[in-house]
J.: 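Could you have a look at this structure, given as structure tokens, before my questions?
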Amino acid sequence: MQEDRKSLDDRQKLTDLERIRHSCAHVLATAILRLWPEAQFAAGPPVENGFYYDVELRHRIAPEDFPAIEAEMKAEIKANHVFEKRIVTRAQAIKDSESGRLGGLSERPGNPSKFKLGNLEAIPEGEPISYYQNGDFIDLCAGPHVLRTGNIGAFKLTHVASAYYKGDERNPQLQRIYGTAFKTRKELDDHFAMLEEARRRDHRKIGAELGLFTIDPDYTGPGLPLWLPKGGAILEELEKLAKETEFAAGYVRVKTPHLAKEKMYQTSGHLPYYAESMFPPMELAEGGESLKRESAQAGSITQRGNDSTKYYLKAMNCPHHHRIFAAEPRSYRDLPLRLAEYGTCYRYEQSGELFGLMRVRSLNMNDAHLYCAPEQFAAEFNAVNEMYLKYFKIFGIEKYVMRFSTSAPEGLGRKYVNEPALWKQTEDMVRGVLVDAKINFVEVPNEAAFYGPKIDVQVWSVIGREFTLATNQVDFAVPKRFGLVYKDRDNVEKTPLCIHRAPLGTHERFIGFLIEHYAGNFPLWLAPDQVRVLTIGDDPALVSYAKGIVQELRASLVRADGDFGTDKINGKIQRAELAKVHTMLVIGPRDLAANAVSLRVHGQGNLGAKPKGAVIEDLLAAIKERRA
RNA sequence: GCCAGUUUAGCUCAGUGGUAGAGCAACGGUUUUGUAAACCGUCGGUCGUCGGUUCAAAUCCGACAACUGGCUCCA
């Protein structure tokens with residue numbers, strides 16, 4: 001996109017590391033040309049963790065080609081060529097593109113540098129056009145680069161992907177070769193160690209190992225996770241936390257159906273703009289006739305008739321809550337009205353976008369809608385933010401950014417509802433709350449929702465993976481579309497503001513995040529297996545004592561079980577440790593005699609024998625306090 | 001959706017045209033145990049699905065499906 005093009009000023013701000021990576025991209029192109037002189041190059045920028053270069057080439061580059069390419073790259077680095085900058089005229093650049101010289105090692109008659117030609121067209125008149133040359137390789141490039149190829153530290157090619165020229169699917173598809181580079185070998189090694197740790201913590205891997213959830217593409221469908229009992233335990237703990245927190249904050253809970261008539265989403269404005277992201281409608285006749293399955297094989301339930309009605313699975317809860325607001329006349333005395341629900345929504349994400357629990361088609365949202373008068377807005381919004389911070393503290397989320405997305409004047413009436421005064425008012429209020437609360441935020445113009453400004457919460461797990469977890473939006477448009485009003489003090493009907501908020505996001509994404517955040521080692525209150533009692537041997541007296549402990553814990557709603565079999569104690573401990581059971585109580589004859597338990601905590605090892613009563617008391621307290 | 005890769009037992013994987021394998025898990029038995037795996041045995045697979053080539057296909061070819069990595073950060 002033209003408007004996203006980096007300005008020359010921005011380019012001069014490239015960090016040293018970005019210069020190294022961008023330079024390494026040129027070296028990559030040089031190496032590919034040594035092996036395949038006909039290759040045509042498009043773009044080769046530095047990116048977050050490295051760099052890439054897009055290349056058009058008949059030969060399909062595979063990881064098996066990497067050693068040969070890397071060897072050529074090393075030779076180019078060893079040659080220590082200078083990155084020479086030259087300003088040229090547009091005419092000269094066009095001529096060099098047509099001869100195939102640009103993005104090549106020499107002129108290539110009959111093989112013009114077509115992508116470079118396209119790139120040239122994107123450079124505005126009046127902006128200088130520059131070449132960078134290392135050895136024989138000349139590239140159209142604004143720079144900046146390191147001084148010499150020898151200044152590139154340690155690098156490695158990582159993977160191949162495909163990408164459309166200029167990101168547009170109507171353009172030719174190119175091979176994108178990714179690599180990464182660092183100043184030193186050690187930094188490169190650390191980077192790969194971090195990636196390895198990320199793979200180890202992958203929520204899909206740990207989720208399967210611990211039996212938290214499963215995805216069954218054949219029967220249930222892709223993107224529709226099934227929560228297994230152990231994942232269900234985490235889910236219930238989160239809901240309990242949300243219910244307690246919201247109750248204390250004056251929310252009321254509601255429950256709404258999973259589907260609604262077409263009219264609902266026409267009124268909300270989500271149809272037709274959001275239709276692509278919704279599951280296709282179910283069509284059926286009014287009047288209570290039984291459903292006729294016209295095409296059972298295709299799985300659709302259809303009844304065509306003159307008065308047929310379409311039902312849609314809900315992609316969001318807000319319209320349902322709006323109808324609850326509308327269900328009875330509202331007075332200013334009813335406000336703020338805070339409707340909360342763990343609502344299940346369905347979104348038809350494209351097949352290629354599905355990703356474990358992070359991107360799914362059925363999602364349980366920690367949703368709530370707060371209806372308030374404008375003068376109540378700041379206090380309500382502030383309270384929502386405080387709730388976010390409270391949650392971050394419980395989960396030990398230290399690194400986060402709130403992305404405050406605002407409107408842009410040129411989008412009013414098109415991308416955004418045409419209410420300039422309300423936009424200014426709500427944006428000022430939100431900004432004021434963020435500043436007063438000293439919250440870490442960045443303001444992003446021209447990214448608001450069509451009905452109001454929004455805040456997306458981005459968090460980083462301990463391994464540095466970024467997640468957009470939660471969202472918090474102001475809505476001053478949709479309540480109007482639904483005709484929602486309250487009777488104010490002055491006996492005038494007014495439209496309330498609505499705050500959409502979901503501090504815990506969805507169960508799917510939040511639990512996915514927590515799995516990676518904790519590497520599956522959940523704190524006691526969240527752990528699917530909180531306590532396991534292990535007997536040394538299966539002597540009946542021991543087993544009876546151990547069973548009593550399990551029963552006592554379960555009576556206090558602790559997820560406790562026992563391993564009373566004939567396996568050796570080492571085997572029982574190994575199994576419990578691999579299952580990441582939080583607390584293990586080992587019971588042998590010595591413990592039975594002393595009315596004690598031997599305490600072992602996952603990750604902490606054997607903590608020795610302690611009085612039974614004290615251990616149970618402390619477990620209950622730790623769970624109640626949601627101790628980290 | 002598009003491009004590429006992958007798909008063999010519940011899990012992790014071996015098997016490149018000639019009788020489908022291992023470890024773990026599960027199940028049965030033996031073992032009576034003090035802090036990360038006791039021992040023996042048994043069960044378990046239309047090699048993702050469908051079609052083609054071949055005397056013969058997990059293996060070669062094609063289609064489809066699912067999964068994984070990308071497709072935004074642009075000379």
Side-chain angles (χ1 to χ4, degrees), chain A residues 1-6 8 11 18 22 25-26 41-49 51-54 60-63 93 97 102-103 113 115-123 127-132 139-143 158-178 202 204-205 208-209 211 214-218 221-223 276 348-356 534-539 542 565-579 584-591 598-602 604-609:
Chain A
M1 314 276 143
Q2 185 79 24
E3 64 255 26
D4 294 340
R5 196 169 172 276
K6 265 198 186 121
L8 288 179
R11 295 194 144 269
E18 285 168 325
H22 183 44
H26 280 229
F41 292 92
V47 287
E48 194 183 343
N49 287 314
F51 62 87
Y52 66 79
Y53 219 127
D54 284 344
R60 290 253 161 241
I61 295 179
S97 298
L102 218 45
S113 314
F115 303 116
K116 296 294 171 189
L117 213 49
N119 292 344
L120 263 173
E121 284 162 12
I123 300 177
E127 198 171 284
I129 293 173
S130 57
Y131 287 178
Y132 272 86
D139 203 358
L140 174 71
C141 181
T158 53
H159 55 287
V160 195
S162 87
Y164 298 106
Y165 180 50
K166 296 196 171 181
D168 187 331
E169 63 185 2
R170 289 164 303 188
N171 285 339
Q173 202 144 26
L174 307 170
Q175 303 186 61
R176 176 166 292 182
I177 318 298
Y178 278 93
D202 192 304
R204 293 165 299 187
K205 183 170 145 68
E209 283 167 0
T214 187
I215 293 178
D216 176 7
D218 290 337
E276 263 189 17
Y348 194 78
E349 304 287 353
Q350 292 190 58
S351 59
E353 289 177 343
L354 299 176
F355 177 70
L534 317 173
T535 53
I536 298 172
D538 64 350
D539 177 82
L542 271 185
T566 66
D567 283 341
K568 294 191 93 166
I569 191 63
N570 282 349
K572 294 182 183 183
I573 285 171
Q574 166 90 357
R575 247 196 320 279
E577 289 283 359
L578 288 178
M584 288 149 275
L585 303 179
V586 176
I587 308 294
R590 295 205 295 268
D591 303 288
S598 289
L599 183 64
R600 181 184 173 100
V601 174
H602 179 63
Q604 295 176 35
N606 183 7
L607 302 180

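Chain letters run A, B, ... following the sequence lines, proteins first and then strands; every chain starts at 1. What's counted below: heavy atoms across the whole structure, side chains too, no hydrogens, waters or symmetry copies.
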J.: For C11(B) versus G70(B), give the span between their P atoms, rounded off to a whole number of Å.
T.: 24 Å
J.: Separation of L354(A) atom CG from A66(B) atom C1', in whole Å?
T.: 11 Å
J.: Without decimals, in angstroms, what is the distance between M584(A) CE and A36(B) C1'?
T.: 9 Å
J.: State which residues pass side chain to side chain donor-acceptor pair (under 3.5 Å) with S598(A); sequence neighbours excluded, sorted by chain then number.
T.: D591(A)
J.: What is the pairing partner of C2(B), taking Watson-Crick or G-U wobble pairs with both distances under 3.5 Å in any strand?
T.: G70(B)
J.: With a 3.5 angstrom cut-off on both distances, give the Watson-Crick or G-U wobble partner of U46(B), or none if there isn't one.
T.: none
J.: Mind checking salt bridge (charged side-chain N to carboxylate O under 4.0 Å, His left out) for R575(A) and listing every partner two or more places apart, or none if nothing turns up?
T.: D563(A), D567(A)
J.: Could you tell me how far U16(B) sits from C74(B) if I compare only their P atoms? Round to whole Å.
T.: 46 Å
J.: Considering only atom P, compute the distance from G18(B) to U59(B) and round it to an integer number of Å.
T.: 11 Å
J.: Between the main-chain N or O of I536(A) and the side-chain N or O of K572(A), is there a donor-acceptor pair closer than 3.5 Å?
T.: no
J.: Rounded off to whole Å, could you give me the OH-to-P distance for the Y178(A) and C74(B) pair?
T.: 12 Å
J.: Check side chain to side chain donor-acceptor pair (under 3.5 Å) between K116(A) and all other residues, then give those that pass, not counting sequence neighbours.
T.: Y53(A), D139(A)
J.: Specify the separation, in whole Å, of atom NE2 of H26(A) and atom P of C74(B).
T.: 13 Å
J.: With C1' as the reference atom in both, quote the distance from A38(B) to U31(B) in angstrom, rounded to an integer.
T.: 7 Å
J.: Not counting sequence neighbours, which residues clear side-chain contact (heavy atoms from CB on, under 4.5 Å) with Q574(A)? List them please.
T.: L578(A)
J.: Distance between the C1' atoms of G15(B) and G21(B), in whole angstroms?
T.: 7 Å
J.: Measuring from the side chain of Y52(A) (C-beta onward, heavy atoms only), which nucleotide among C73(B), C67(B), A37(B) has the closest atom?
T.: C73(B)
J.: What string of B, S and - do you get for nucleotides 24-29 of chain B, 5' to 3', when a contact is any protein heavy atom under 4.0 Å?
T.: ------
J.: With rounding to the closest Å, how many angstrom separate the C1' atoms on A57(B) and G52(B)?
T.: 11 Å
J.: Which one is paired to C60(B), where only Watson-Crick or G-U wobble pairs with both distances under 3.5 angstrom count?
T.: G52(B)
J.: Can you tell me, in whole Å, how much space there is between the P of U30(B) and that of A66(B)?
T.: 49 Å
J.: Test your reading of the model: is there a side-chain donor-acceptor pair from T158(A) to the backbone of Y178(A), 3.5 Å cut-off?
T.: yes
J.: According to side-chain contact (heavy atoms from CB on, under 4.5 Å), who are the partners of A93(A), at least two apart in sequence or on a separate chain?
T.: V88(A), L120(A), I129(A), Y131(A)
J.: Listing time: all N or O pairs from protein to nucleotides 31-35 of chain B that are below 3.5 Å?
T.:
unit_1, atom_1, unit_2, atom_2, d
U31(B), N3, T566(A), OG1, 3.4
U31(B), O4, T566(A), OG1, 2.7
U32(B), O2, D538(A), N, 3.4
U32(B), O2, D538(A), OD1, 3.1
U32(B), N3, D538(A), OD1, 2.6
U33(B), N3, T566(A), O, 2.8
U33(B), O4, T566(A), O, 2.2
G34(B), O6, P589(A), N, 2.9
G34(B), O6, R590(A), N, 2.5
G34(B), N1, D591(A), OD2, 3.0
G34(B), N2, D591(A), OD2, 2.9
G34(B), N2, S598(A), OG, 2.7
U35(B), O2', R600(A), NH1, 3.0
U35(B), O2, R600(A), NH1, 3.2
U35(B), O4, S598(A), OG, 3.1

J.: When both hydrogen-bonding distances must be under 3.5 Å and the geometry is Watson-Crick or G-U wobble, what is U7(B) paired with, if anything?
T.: A65(B)
J.: Taking atom P of G48(B) as reference, at what distance in whole Å does atom CD1 of I215(A) sit?
T.: 21 Å
J.: Roughly how far apart, to the nearest Å, are G51(B) and U12(B) at atom P?
T.: 29 Å
J.: Out of A36(B), C74(B), G70(B), which nucleotide sits closest to the side chain of P45(A)?
T.: C74(B)
J.: Between C74(B) atom P and L174(A) atom CG, what is the distance in whole Å?
T.: 16 Å
J.: What protein N or O atoms touch nucleotides 39-42 of chain B N or O atoms at under 3.5 angstrom, if any, and at what distances?
T.:
none

J.: Between I177(A) (CD1) and C3(B) (P), how many Å, whole number?
T.: 17 Å
J.: Of all residues at least two apart in sequence or in a different chain, which pass the side chain to side chain donor-acceptor pair (under 3.5 Å) check with R600(A)?
T.: E577(A)
J.: Please name all residues satisfying side chain to side chain donor-acceptor pair (under 3.5 Å) with Y132(A), sequence neighbours left out, ordered by chain then number.
T.: none
J.: List for me each residue that meets ring pair (Phe, Tyr, Trp, His ring centres under 6.0 Å) alongside F51(A), sequence neighbours excluded, and say none if there are none.
T.: none
J.: Would you say the side chain of L542(A) lies within less than 4.5 Å of the side chain of P589(A), judging by non-hydrogen atoms?
T.: yes
J.: Rounded to the nearest 0.5 Å, how far does CD of E353(A) lie from OH of Y348(A)?
T.: 11.0 Å
J.: Once side-chain contact (heavy atoms from CB on, under 4.5 Å) is applied, do any residues pair with L599(A), and if so which ones, sequence neighbours excluded?
T.: T583(A), L585(A), V601(A), L607(A), K610(A), V615(A)
J.: Does U31(B) have a Watson-Crick or wobble mate here (both distances under 3.5 Å), and if so which one?
T.: none
J.: Could you let me know what A20(B) is paired to, Watson-Crick or G-U wobble, both distances under 3.5 Å, or none if it's on its own?
T.: none
J.: Rounded to whole Å, how long is the line connecting atom NZ of K572(A) with atom P of A38(B)?
T.: 12 Å
